[in-house]
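Chain A is the first sequence line, chain B the second, and so forth, proteins listed ahead of strands; every chain is numbered from 1.
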Protein chains: 2
Amino acid sequence: MQAAREIFHERGYAETSLADIAERARARGGSLYYFFKSKEKLLEAVLEDYKAIMRPVLLDPIWQKTSDPLERVWSLLSRYRELLLHTEFRYGCPIGNLALQVGHYLPEARVKIDENFRGWRGAVHDCLQEAGSRLPADLDREGLATFILSVMEGGVMQSRCAKSIEPFDASVDVLKDYFSRLQSEGMRPHRKE
Amino acid sequence: MQAAREIFHERGYAETSLADIAERARARGGSLYYFFKSKEKLLEAVLEDYKAIMRPVLLDPIWQKTSDPLERVWSLLSRYRELLLHTEFRYGCPIGNLALQVGHYLPEARVKIDENFRGWRGAVHDCLQEAGSRLPADLDREGLATFILSVMEGGVMQSRCAKSIEPFDASVDVLKDYFSRLQSEGMRPHRKE
DNA sequence: GTCTATAACTCGATAGAC
DNA sequence: GTCTATCGAGTTATAGAC
């Protein structure tokens with residue numbers, strides 16, 4: 001299943017054959033059917049696994065680097081930046097990829113992708129809550145967590161196609177500017193349109 | 001080619017067979033090869049066409065609704081909102097879909113997808129420039145245009161998977177809040193971190 | 001549990017009639 | 001130009017030996 005996760009990420013779902021997965025797992029194609037009754041079920045297991053490893057594999061190592069909740073958010077975004085650079089813009093966010101690859105015709109997978117997004121937003125939302133009074137009290141922090149995921153996914157998408165880190169960096173820079181304005185609000189009440 | 005554009009959008013590139021395309025074009029599979037020497041070349045022609053129709057088909061009807069440059073940006077985003085609602089979250093941005101479907105293994109297509117993104121950002125950038133002094137003078141308007149595309153693509157991605165307009169709306173709402181803060185800057189100089 | 005062998009199918013692409 | 005017919009390759013999935 002680790003093999004499936006890797007190759008789905010590298011090549012995409014449709015472009016990956018079960019023989020490819022079996023080869024990386026040092027097995028033969030037919031053996032996979034002992035554990036998964038179809039390619040689709042294998043994908044669902046991979047997506048379920050992504051949910052399970054998000055905290056121990058993705059978040060915990062980042063959370064460990066700093067205890068400042070806002071720094072954790074920036075560090076999480078940096079993780080995707082490193083992924084882009086490290087893979088020379090070939091891969092990207094594995095969940096985002098699968099979202100636009102199979103989200104529209106594999107309903108069960110779509111639901112599990114949504115659950116992964118919810119988990120990610122939830123983790124960022126926790127950071128925003130923990131930031132307490134450093135952000136405006138009346139701020140919609142759920143909405144802001146969704147917004148941050150949008151910026152990340154959109155930035156990764158653009159940088160992959162541009163084969164340049166520029167669009168990702170530009171997106172994160174603007175996000176940081178927004179935060180600096182949110183955090184300076186204390187000095188003067190913000191007037192909503 | 002219109003048929004190809006539609007079905008690539010609805011089903012995705014890998015899930016679309018040339019027979020499907022020919023059927024919608026009221027032709028037979030073999031006939032396509034008189035115009036396109038491969039499925040990949042057909043995709044490239046579709047992406048080239050997207051660039052060509054962006055202005056007359058996507059932008060001009062929106063620009064016509066209002067001459068206010070910032071309203072044009074919100075109206076453009078509303079167009080994607082309507083697309084999500086109108087298709088019950090099945091489709092999404094056709095370029096974004098293709099970006100994460102084939103961007104990593106069809107190099108020529110990836111370049112043309114990038115060109116589409118550049119065109120979109122360019123149109124938004126023109127709006128931001130036209131907004132003149134309504135935005136801070138020292139603002140990076142190229143970066144902001146990239147940011148807006150990120151928010152749109154990320155919002156569409158999340159809403160499709162959630163089958164709910166909430167993530168898209170939340171993303172756009174936060175973006176509007178950012179703009180309202182940018183526009184109120186005139187009242188008091190903003191201190192950069 | 002893991003393998004081999006293969007069934008059943010789909011797809012992209014080509015050849016050639018008209 | 002558009003069609004029919006088909007090739008060849010690759011795929012998912014199954015059957016059954018070991």
Side-chain angles (χ1 to χ4, degrees), chain A residues 1-50 90-91 94 97-113, chain B residues 1-50 90-91 94 97-113:
Chain A
M1 205 174 71
Q2 182 186 350
R5 191 174 61 231
E6 289 172 8
I7 311 196
F8 285 161
H9 188 197
E10 292 166 14
R11 304 187 206 171
Y13 178 75
E15 290 74 28
T16 299
S17 76
L18 295 177
D20 295 333
I21 296 168
E23 184 187 5
R24 182 166 304 199
R26 286 191 288 274
R28 306 287 168 154
S31 304
L32 297 176
Y33 285 87
Y34 180 76
F35 301 97
F36 311 98
K37 78 168 199 192
S38 71
K39 186 183 179 184
E40 188 176 337
K41 290 293 177 192
L42 171 56
L43 171 65
E44 291 167 21
V46 165
L47 286 166
E48 201 64 38
D49 192 47
Y50 267 122
R90 277 194 301 267
Y91 310 157
N97 293 350
L98 291 170
L100 299 199
Q101 282 168 16
V102 307
H104 53 301
Y105 74 104
L106 297 180
E108 290 87 355
R110 197 211 83 242
V111 170
K112 290 186 188 301
I113 291 164
Chain B
M1 205 174 73
Q2 183 187 348
R5 191 174 62 230
E6 291 172 7
I7 311 197
F8 285 160
H9 188 197
E10 293 166 14
R11 303 188 206 172
Y13 178 75
E15 290 73 28
T16 300
S17 76
L18 296 177
D20 294 333
I21 296 168
E23 183 187 6
R24 182 166 305 199
R26 285 190 289 273
R28 305 288 167 156
S31 304
L32 296 177
Y33 286 88
Y34 181 76
F35 301 98
F36 311 99
K37 79 169 199 193
S38 70
K39 185 183 179 184
E40 188 176 338
K41 291 294 177 191
L42 171 57
L43 172 64
E44 292 167 21
V46 165
L47 285 166
E48 201 64 39
D49 192 48
Y50 267 123
R90 276 195 300 267
Y91 310 156
N97 292 351
L98 291 170
L100 299 199
Q101 282 169 15
V102 306
H104 53 300
Y105 74 105
L106 297 180
E108 291 88 354
R110 182 194 58 75
V111 170
K112 290 186 189 302
I113 291 165

Student: Provide, to the nearest angstrom, the distance between the CG atom belonging to A/L43 and the P atom belonging to D/dT11.
Tutor: 17 Å
Student: Does B/K112 offer a backbone N or O that forms a donor-acceptor pair with the side chain of B/E48 under 3.5 Å?
Tutor: no
Student: Where the side chain of B/A27 is defined as all heavy atoms beyond and including C-beta, which of C/dG1, D/dC3, D/dT2 is the nearest nucleotide?
Tutor: D/dC3
Student: Indicate whether OP1 or OP2 belonging to D/dT4 is found under 4.0 Å from a side-chain N or O atom of B/R28.
Tutor: yes
Student: Kindly compute the distance separating CD1 (B/I7) from CD (B/Q2), expressed to the nearest 0.5 Å.
Tutor: 10.5 Å
Student: Can you tell me the distance, in whole Å, between the CG atom of B/L32 and the C1' atom of D/dT4?
Tutor: 15 Å
Student: Is any side-chain heavy atom of B/N97 less than 4.5 Å from a side-chain heavy atom of B/F8?
Tutor: no
Student: Less than 4.5 Å apart, side chain to side chain, heavy atoms only: is that true for A/V102 and A/R110?
Tutor: no
Student: Using whole Å, report how far CG of B/L42 lies from C1' of C/dC11.
Tutor: 15 Å
Student: Find the distance A/E23:CD to D/dG10:P and express it as a whole number of Å.
Tutor: 14 Å
Student: Using nucleotides 12-14 of chain D, report all nitrogen or oxygen pairs with the protein that are shorter than 3.5 Å.
Tutor:
unit_1: D/dT12; atom_1: OP1; unit_2: A/T16; atom_2: O; d: 3.4
unit_1: D/dT12; atom_1: OP1; unit_2: A/K39; atom_2: NZ; d: 3.1
unit_1: D/dT12; atom_1: OP2; unit_2: A/L18; atom_2: N; d: 2.9
unit_1: D/dA13; atom_1: OP2; unit_2: A/Y33; atom_2: OH; d: 2.9
unit_1: D/dA13; atom_1: OP2; unit_2: A/K39; atom_2: N; d: 2.8
unit_1: D/dA13; atom_1: O5'; unit_2: A/Y33; atom_2: OH; d: 3.3

Student: Any side-chain N or O of B/S31 less than 4.0 Å from the OP1 or OP2 oxygen of D/dC3?
Tutor: yes
Student: As a test of understanding, state which of B/E10, B/H9, B/E6 forms a side-chain contact (heavy atoms from CB on, under 4.5 Å) with B/P94.
Tutor: B/H9
Student: With a 3.5 Å distance limit and no angle check, can you tell me whether A/Q101 reaches the backbone of A/Y13 through a side-chain donor-acceptor pair?
Tutor: yes
Student: Out of curiosity, B/R5 CZ to B/L47 CG, how far, rounded to the nearest 0.5 Å?
Tutor: 11.0 Å
Student: Which atoms of nucleotides 16-18 of chain D (N or O only) lie under 3.5 Å from a protein N or O atom, and what are those distances?
Tutor:
none

Student: Working to the nearest 0.5 Å, report the span between CG of A/L18 and OG of A/S38.
Tutor: 9.0 Å
